[in-house]
Amino acid sequence: MNKQLAMALASGILGTSILSAVHAADPKPQDVVEYRKSVYTVIGWNFKPIGAMIKGEVPFDAATVARHAQYVEMMSKAAPEGFAKGSGPDAVKNTEAKPEIWTNPDKFKTAMSNFQQESTKLAEVAKTGKEADIKVQFGKTAETCKACHKEFKKD
Ligand code: HEC
């Protein structure tokens, strides 16, 4: 594959993966909100138990951490589709998403991509089973949750 083609493909893939992602079925704004909340519910569901182990609230179990971390990584890649245009607070009621997601898309894309990168690393580190390293990477990933919520999610 030549370099230009490879780059075109890469930019196409990255370009559609964040915000501009269009779902083939053209879902209603309300469905988009349900989808993104579900994605974040699954993210929280899998992220919390890793935190509990790191804090020593429950015994550390490497296999469990690795499994949960894999789901967080997968869901980080599923999240962008949940922010399709027209699914903001002006169109739907039951959302905590701030309008800035759509008025400042570059900043939002950066926040999303930081999260995706750190959760990918978390899934990798989790496979090693090294608790100290997992702890560090968990912290870095948690920072990306907080950073995005601070800017783009209502309390
Ligand atoms: C790029 C931005 C972004 C990142 C990164 C992010 N979130 Fe969120 N999160 C949001 C937004 C926006 C909402 C509000 C969605 C809505 O109400 O429409 C949300 C909602 C949630 C919810 C509530 C879901 C519901 O049912 O209303 C949970 C739980 C959550 N996030 C957990 C996390 C965790 C844990 C992480 C990190 C591992 C994370 N989020 C990373 C933007 C983000």
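When reading the values below, keep in mind they use all heavy atoms of this one structure, side chains included, and skip hydrogens, waters and symmetry mates. Whatever order the structure lists ligands and atoms in, that order sets their numbers, starting from 1.
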Using a strict 4.0 Å cut-off to heavy atoms of Thr144, name the atoms of ligand 1 that fall inside it. 5 (C)

Considering residues, nucleotides and ligands other than Lys37, do more than 12 of their heavy atoms fall under 6.0 Å from its NZ? yes

For Ile134 and Phe60 the tightest heavy-atom approach is CD1-CZ, 3.7 Å

Looking only at protein heavy atoms, which one is nearest to atom 16 (C) of ligand 1, and what is the separation? Thr95 OG1, 3.2 Å

Protein-derived N, O or S atoms lying under 2.8 Å from atom 8 (Fe) of ligand 1, waters excluded: 1

Of all the atoms in ligand 1, which lie at a distance below 4.0 Å from a heavy atom belonging to Phe83? 12 (C)

If every non-hydrogen atom of Ser76 is compared with every non-hydrogen atom of Gln116, which pair is closest and at what distance? O-NE2, 2.9 Å

Between Gln30 and Asn94, is there a side-chain donor-acceptor contact under 3.5 Å, judged purely by atom types and distance? yes

Identity and distance of the protein heavy atom lying nearest atom 15 (C) of ligand 1: Arg36 NE, 3.9 Å

Search all heavy atoms of Ser87 against all heavy atoms of Val92 and return the closest pair with its distance. O-CG2, 3.7 Å

Ala79 and Met112: which non-hydrogen atoms are nearest, and at how many Å? CB-CE, 3.8 Å

Shortest non-hydrogen contact from Asp155 to Glu96? O-OE2, 4.3 Å

Below 4.0 angstrom from a heavy atom of Phe152, which ligand 1 atoms are there? Numbered from 1 as shown, please. 12 (C)

Numbering the atoms of ligand 1 from 1, which are under 4.0 Å from a heavy atom of Phe108? 1 (C), 2 (C)

Tell me the closest heavy-atom pair linking Tyr35 and Ala78, and the distance in Å. OH-O, 2.6 Å

With a cut-off of 6.0 Å (strictly less than), are more than 12 heavy atoms of other residues, nucleotides or ligands near NZ of Lys154? yes

Mark the output for Ile101 as yes if a heavy-atom distance to ligand 1 is under 4.0 Å, and as no if none is. yes

Please list, in number order, the atoms of ligand 1 under 4.0 Å from a heavy atom of Glu96. 16 (C), 17 (O), 18 (O)

Glu143: which residues meet the salt bridge (Lys or Arg N to Asp or Glu O under 4.0 Å) condition with it, sequence neighbours left out? Lys146

Using a 4.0 Å cut-off to any heavy atom of Thr41, which atoms of ligand 1 qualify? 26 (O)

Contact check, side chains of Thr64 and Met53, non-hydrogen atoms, under 4.5 Å: yes

Phe115: numbered ligand 1 atoms lying under 4.0 Å from its heavy atoms: 5 (C), 37 (C), 38 (C)

